[in-house]
Amino acid sequence: MEGSDRYVIQRMIAGLVAVSLAVAACSPSSATSSSFANTASSSPSGVPCAPSSSSAGSYASASTAAGADAPALLVLAACEDGTPRLWSLDAKGGWTTLGSIPGGQAIARDDATITIARSGSLETRSVARPGATVATLALKWPGSVPSSPIRAIDSSPSGSTAIVSADEHGQTYSIVSPDGSVNPLAGAPESSFAPLADWIDANRALALSEGTDATSRIVVLTPQTGGSEAISTLLGVRWLALSGDRSTAAIALDAGIYVSPVSGLLNGEQPAWVGSLGPSQSVLVLVVDQTGDHLAALVTSTRADGTSDNIREIGFSKTNSGWTRTYDAPVPFATALGQVWLG
């Protein structure tokens with residue numbers, strides 16, 4: 001892959017630059033939630049997005065498999081006005097805004113705690129009440145606050161938090177101590193297809209690294225020692241996400257989405273097939289539930305000029321006969337910054 005092509009895809013996958021969609025438009029309104037499953041609710045804050053009339057055909061009603069619920073998700077996303085908001089997806093496929101998050105850049109969940117990253121702080125909320133702030137931790141950067149936004153965060157069982165800042169100029173991996181002190185994450189990739197870091201235990205985290213051959217691999221980082229070990233049996237990885245119990249990994253490749261026990265992944269075993277993506281579709285954000293039995297992905301189609309169009313949320317569930325697609329519907333926002341599982 002040529003460097004320029006890889007950069008276009010990298011920007012799209014990682015969300016390094018806001019994706020502005022011609023098929024979505026925002027306008028202030030007293031109605032603060034929208035649904036493409038013919039359901040609606042209201043909220044005292046937030047600005048809904050809705051498809052423009054010229055492309056309403058691409059926003060069909062939510063498609064949910066018989067007997068299946070839509071994935072229970074909380075998404076940090078923005079309309080064309082650029083203001084990040086929290087959006088929740090209910091079991092019937094209805095989207096509701098839970099309020100604006102000015103300056104919000106990334107979101108993650110660890111057990112019962114949701115963390116939202118801003119350039120100068122990490123804000124925590126409870127899964128039970130995601131619309132209310134519980135605490136705020138000021139970030140103590142060793143120098144000036146980086147100009148690049150935070151694109152990924154994940155909390156370790158030890159209490160520290162990995163954060164990844166990224167823009168078109170590069171990526172910076174850091175560790176935040178419980179007191180807010182920020183230090184470089186030792187052994188972090190120099191180049192990555194997507195800025196992410198997922199802790200598999202208190203001492204090790206998974207990330208993506210391109211290496212000298214520009215091929216994306218999963219790497220196991222050990223920040224305490226600065227160690228970094230590549231998993232060479234799986235190439236071309238576009239995105240990675242862990243279940244809430246850290247036992248299952250979901251992996252996006254060009255060919256589709258796969259899952260693997262983390263133990264099998266570390267041992268070089270090949271992952272199991274989950275499902276394919278549509279023509280020209282790519283994964284923006286991948287998320288797994290607590291036990292690894294359900295997953296969801298924000299996906300987008302790519303136009304011939306490399307720009308993105310038609311963001312959709314798709315969901316899969318594990319059954320006795322394998323994985324089944326249970327949800328596929330457009331979303332009511334223009335830019336997705338991250339999402340977590342609420343169920």
Report the C-alpha distance between Leu234 and Leu265 in whole Å, list the side-chain angles of each, state the deciding distance to 0.1 Å, and finish with yes or no for side chain to side chain contact (heavy atoms under 4.5 Å, CB included). CA-CA 9 Å; Leu234 195 60; Leu265 188 67; 4.0 Å; yes

Side chain to side chain contact (heavy atoms under 4.5 Å, CB included) evaluation trace for Ser192 with Gln171: CA-CA 8 Å; Ser192 173; Gln171 302 168 9; 3.1 Å; yes

Can [Y] be reached from [X] by stepping across I, L, V, M, F, W or Y side chains whose heavy atoms are under 4.5 Å apart?
{"X": "Ile175", "Y": "Ile153", "value": "no"}
{"X": "Leu98", "Y": "Leu337", "value": "yes"}
{"X": "Val287", "Y": "Ile163", "value": "no"}
{"X": "Leu137", "Y": "Ile101", "value": "no"}
{"X": "Val176", "Y": "Leu185", "value": "no"}

Whether [X] side chain and [Y] backbone form a donor-acceptor pair below 3.5 Å:
{"X": "Arg118", "Y": "Pro102", "result": "yes"}
{"X": "Asp328", "Y": "Ile314", "result": "no"}
{"X": "Asn267", "Y": "Glu269", "result": "no"}
{"X": "Arg85", "Y": "Ser100", "result": "no"}
{"X": "Asp110", "Y": "Thr113", "result": "no"}
{"X": "Gln270", "Y": "Thr233", "result": "yes"}
{"X": "Asp154", "Y": "Trp199", "result": "yes"}
{"X": "Ser156", "Y": "Ser158", "result": "yes"}
{"X": "Ser126", "Y": "Arg129", "result": "yes"}
{"X": "Thr248", "Y": "Gly292", "result": "no"}

At what distance, to the nearest 0.5 angstrom, does [atom1] of [X] lie from [atom2] of [Y]?
{"X": "Ile311", "Y": "Thr335", "atom1": "CD1", "atom2": "OG1", "result": "6.5 Å"}
{"X": "Arg303", "Y": "Thr300", "atom1": "CZ", "atom2": "OG1", "result": "8.0 Å"}
{"X": "Leu73", "Y": "Trp341", "atom1": "CG", "atom2": "CH2", "result": "5.5 Å"}
{"X": "Ser160", "Y": "Asp179", "atom1": "OG", "atom2": "CG", "result": "11.0 Å"}
{"X": "Ser148", "Y": "His169", "atom1": "OG", "atom2": "NE2", "result": "9.0 Å"}
{"X": "Ser147", "Y": "Asp167", "atom1": "OG", "atom2": "CG", "result": "5.5 Å"}

Would you please name every residue forming a side-chain contact (heavy atoms from CB on, under 4.5 Å) with Asp201, sequence neighbours left out?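 For Asp201 the side-chain contact (heavy atoms from CB on, under 4.5 Å) partners, ignoring immediate neighbours, are Asn203, Arg204.
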
The test is side chain to side chain contact (heavy atoms under 4.5 Å, CB included); show your working for Leu208 and Leu196 and say whether it passes. CA-CA 7 Å; Leu208 298 184; Leu196 56 85; 4.2 Å; yes

Please determine whether side-chain hydrogen bond (donor to acceptor under 3.5 Å, both in side chains) holds for the pair Thr133 and Glu123, giving the CA-CA distance in whole Å, both sets of side-chain angles, and the decisive distance to 0.1 Å. CA-CA 7 Å; Thr133 300; Glu123 178 183 291; 3.1 Å; yes

Go through the steps to decide whether Val219 and Leu206 satisfy the test side chain to side chain contact (heavy atoms under 4.5 Å, CB included), and finish with yes or no. CA-CA 6 Å; Val219 292; Leu206 300 181; over 6 Å; no

Just so I know, are the side chains of [X] and [Y] near enough to count as touching, which here means a heavy-atom distance under 4.5 Å?
{"X": "Arg238", "Y": "Val283", "result": "no"}
{"X": "Val259", "Y": "Leu295", "result": "yes"}
{"X": "Val182", "Y": "Thr161", "result": "no"}
{"X": "Ile116", "Y": "Leu122", "result": "no"}
{"X": "Pro184", "Y": "Tyr173", "result": "no"}
{"X": "Leu266", "Y": "Ile200", "result": "yes"}
{"X": "Val237", "Y": "Leu253", "result": "yes"}
{"X": "Val164", "Y": "Thr172", "result": "no"}

Does a donor on one side chain sit under 3.5 Å from an acceptor on the other, for Thr326 and Thr324?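 Looking only at side-chain atoms, Thr324 and Thr326 do not form any donor-acceptor pair under 3.5 Å.
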
Any side-chain donor near an acceptor of the partner, Thr291 and Asp293, under 3.5 Å: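 The answer is yes; a qualifying pair exists.
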
Residue pair Trp95, Phe333: steps toward the ring-ring contact (aromatic ring centres under 6.0 Å, His included) verdict: CA-CA 10 Å; Trp95 289 97; Phe333 39 78; 5.3 Å; yes

Heavy-atom pair of closest approach, residues [X] and [Y]:
{"X": "Gly278", "Y": "Gln281", "answer": "N-OE1, 2.7 Å"}
{"X": "Leu240", "Y": "Ala249", "answer": "CD1-CB, 4.1 Å"}
{"X": "Gln339", "Y": "Ile107", "answer": "N-CG2, 3.6 Å"}
{"X": "Phe193", "Y": "Ser216", "answer": "CB-OG, 3.7 Å"}
{"X": "Gly187", "Y": "Ser228", "answer": "O-CB, 3.5 Å"}
{"X": "Thr136", "Y": "Ser121", "answer": "CG2-CB, 3.7 Å"}

Evaluate Trp273 against Tyr258 for ring-ring contact (aromatic ring centres under 6.0 Å, His included), listing each step before the verdict. CA-CA 5 Å; Trp273 171 256; Tyr258 298 76; 5.2 Å; yes

Just one of Ile114, Val285, Leu86, Val340 clears the side-chain contact (heavy atoms from CB on, under 4.5 Å) bar with Leu76, so which one?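 So the option named by the test is Leu86.
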
Quick check: are there more than 12 heavy atoms from other residues, nucleotides or ligands sitting under 6.0 Å from CD of Glu190?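 It does not: Glu190 CD has 12 such atoms or fewer within range.
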
Residues, nucleotides or ligands: over 12 heavy atoms within 6.0 Å of Glu229 CD: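 No.
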
